[in-house]
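Each remark here refers to the structure printed beneath this line.
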Amino acid sequence: MSAICNRSRVSSCLIKRLKYHIAMVSNRRSFTTSEGHRPAIVNKRSLDILHDPLYNKGTAFSMTERNRLDLRGLLPPNVMTTEQQIDRFMADLRRLETQAKDGPSDPNALAKWRILNRLHDRNETMYYKVLIANITEYAPIVYTPTVGLVCQNYRGLYRRPRGMYFSSADRGEMMSMVYNWPAEQVDMIVVTDGSRILGLGDLGIQGIGIAIGKLDLYVAAAGINPQRVLPVMIDVGTNNEKLLKDSQYLGVQEHRLEGEEYLAVIDEFMEAVYTRWPHVIVQFEDFQTKWAFKLLQRYRHNYRMFNDDVQGTAGVAIAGLLGAVRAQGRPMVDFPKQKIVVAGAGSAGVGVLNAARKTMARMLGNNEAAFESARSQFWVVDAKGLVTEEREDIDPEVRPFAWKANEISRQGLKEGASLVEVVRQVKPDVLLGLSAVGGLFSKEVLEALKGSTSTRPAIFAMSNPTKNAECTPEEAYSIVGDHIIYASGSPFKNVDLGNGRIGHVNQGNNMYLFPGIGLGTLLSGSEIVSDGMLQAAAERLAGYMTEEEVLNGVIYPSTSRIRDITKEVAAAVVKEAIQEDLAEGYRGMDVRELQKLNEEEILEYVENNMWYPEYPTLVYK
Ligand SMILES: NC(=O)c1ccc[n+]([C@@H]2O[C@H](COP(=O)([O-])OP(=O)(O)OC[C@H]3O[C@@H](n4cnc5c(N)ncnc54)[C@H](O)[C@@H]3O)[C@@H](O)[C@H]2O)c1
Ligand SMILES: O=C(O)C[C@H](O)C(=O)O
Ligand SMILES: [Mg+2]
């Protein structure tokens with residue numbers, strides 16, 4: 001009897017050990033060591049810890065930690081839980097809510113930004129906890145549209161520096177300067193030269209706010225560790241006359257560098273950051289169009305970089321355009337039949353045009369003839385009207401979309417035709433604005449769109465911030481009709497159509513893609529961001545919405561789902577990088593392990609590598 005017992009004890013012990021072994025092996029495969037649960041090794045104590053927002057826990061430092069880290073007496077004696085801390089902070093922030101309204105009309109938007117910014121400066125863990133838990137409410141504060149207002153008023157709002165500044169005066173010094181940044185590892189840089197901030201023009205050094213806002217989303221949506229992000233401003237001067245004369249302007253008060261001199265500064269910056277952090281991903285943001293394409297071409301084959309305004313926006317627009325086709329009750333492959341009028345031919349507009357044409361061509365057979373025929377689905381209108389081959393000094397990026405004079409005259413149109421004439425003659429399925437001109441889709445233009453041959457005309461008023469939207473959702477729904485699809489770059493409230501019906505407002509903003517593109521590139525270890533990876537990201541976003549949602553006019557997810565969609569997009573990017581043989585692995589995950597993962601395991605791998613704000617145990621060393 002006892003022998004049997006012993007034997008069964010031995011076998012249950014063996015089973016336990018086997019189970020443990022299997023768990024260890026599968027843990028190793030899926031790399032489940034969550035970002036938030038490792039202790040943090042710090043080499044500072046006392047006030048240095050309290051002044052370090054990355055490690056600070058404020059009143060949440062436990063008594064034992066206060067003893068260990070020489071904090072006794074430096075904090076109010078009551079030890080608070082994280083929840084108590086957040087409640088206290090939120091009560092303060094929400095005091096402003098009582099009279100709060102939407103977007104830029106919100107009189108308290110800047111005040112909220114200040115409160116959040118102060119929290120960002122003193123306790124990053126708490127800041128991101130607040131942001132993630134309330135992303136729909138506060139993305140419009142730390143990101144578009146309020147961040148635009150912040151950049152415009154930056155000199156008054158500036159308190160603590162954040163990120164790095166490289167100026168034209170730093171030529172020859174950048175390689176050493178880059179070592180002044182305290183972090184040994186940087187995963188994500190967002191860099192701007194401040195030359196085209198949203199639709200607000202040249203804001204010079206004040207544009208750093210955009211890089212900070214984008215990185216806030218990298219942390220909140222993509223779970224990039226805030227210790228490994230770096231906002232960068234390259235200050236090559238400004239052509240904003242007001243700033244040039246402003247005695248309190250914080251940047252270089254000279255006209256912008258041009259030509260080779262400009263390129264030399266950007267080259268030096270790229271060389272410096274890639275020397276110190278060879279695996280960093282650099283997102284170019286809000287560079288004026290004349291440099292956006294040139295810099296992208298210059299660096300994209302040798303560095304891990306992308307341009308968000310050109311490539312991120314293109315992907316988001318493609319996803320929305322495919323959603324608009326589905327919303328008509330048609331399959332996505334009907335996309336090449338859509339007639340699309342694009343108002344605005346800058347970095348964003350041209351990025352969308354190229355990507356939409358390629359997507360159509362792929363659906364039509366992916367050959368030269370398909371690419372050629374897709375061209376005739378687009379009408380481009382810029383500040384000088386409809387673009388045709390008769391245009392003098394035509395921008396080479398726009399030339400492929402210029403109509404031939406004889407073709408266009410057959411449509412009753414000519415070079416320079418106004419937007420309203422174009423919409424009247426073309427009767428487009430889609431009217432897409434990336435013009436930075438608020439109200440461009442005037443009553444007349446929207447009236448003309450009523451003649452659209454589509455069962456559900458789609459209006460994309462994508463310019464930012466709110467006041468630059470080509471039309472408001474109220475205008476679109478009330479003039480064109482309840483059956484439209486509407487998307488805007490900045491957030492607006494849904495429209496009440498009466499009788500309990502809602503006119504849905506989609507936010508068509510590159511925030512649904514750039515965090516996932518960055519995270520996916522990082523975790524794949526790919527040394528470049530390929531067209532295929534960008535396409536995979538856009539397709540994942542397009543497929544994210546259910547049939548029921550798109551039929552109800554919902555073509556983009558709500559911001560509350562941004563962390564989930566970002567995870568999905570990142571997984572699609574990783575998968576594509578593996579398929580293209582670009583993946584090289586990341587940290588403990590080598591490329592052979594990566595190649596073995598199935599779709600579900602890729603998602604798990606992504607999720608396990610997303611940082612989440614939790615106070616780690618601090619260990620002094
Ligand atoms: N929603 C998004 O995710 C997103 C992404 C990127 C850019 N944007 C927005 O797109 C806008 C444009 O960005 P960009 O980099 O292309 O800027 P840009 O200044 O380079 O381009 C603006 C374009 O609009 C054209 N334009 C000006 N007035 C016009 C008019 N009256 N009619 C038709 N076209 C006109 C200009 O000729 C130019 O081609 C900005 O407001 C930016 O915030 C939105
Ligand atoms: O910043 C945004 O909100 C989107 C886009 O990158 C823009 O430049 O407008
Ligand atoms: Mg931008």
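Whatever order the structure lists them in is the order used to number ligands and atoms, beginning at 1.
Set against the non-hydrogen atoms of G489, the atoms of ligand 1 under 4.0 Å away are 1 (N). The atoms of ligand 2 that sit less than 4.0 Å from any heavy atom of E285 are 6 (O).
Remark: S452 engages no residue in a side chain to side chain donor-acceptor pair (under 3.5 Å) (not counting sequence neighbours).
N464 ND2, 3.3 Å is the protein heavy atom nearest to atom 4 (C) of ligand 2. Of the protein's non-hydrogen atoms, the one nearest atom 3 (O) of ligand 2 is T144 OG1, 2.3 Å.
Under 4.0 Å from ligand 2, the heavy atoms of D309 that appear belong solely to its side chain. If you look at V147 next to ligand 2, there are no close heavy atoms at all, none under 4.0 Å.
Checked by distance only, ligand 1 and G508 come closer than 3.5 Å through their nitrogen or oxygen atoms. For D309, no nitrogen or oxygen atom sits less than 3.5 Å from a nitrogen or oxygen atom of ligand 1, counting backbone and side chain alike.
Ligand 2 lies within reach of R196, whose nearest heavy atom is under 4.0 Å from it. Heavy-atom distances between Y143 and ligand 2 reach below 4.0 Å in at least one pair.
Listed by chain and residue number, the protein N/O/S atoms under 2.8 Å of the Mg ion (ligand 3) are E285 OE2, D286 OD1, D309 OD1, with waters left out.
The residue among R196, E397, Q288, E470 with a heavy atom at the shortest distance from atom 17 (O) of ligand 1 is R196.
In this structure, R357 is positioned above the aromatic face of F401, its NZ or CZ under 6.0 Å from the six-membered ring centre and within 45° of the axis.
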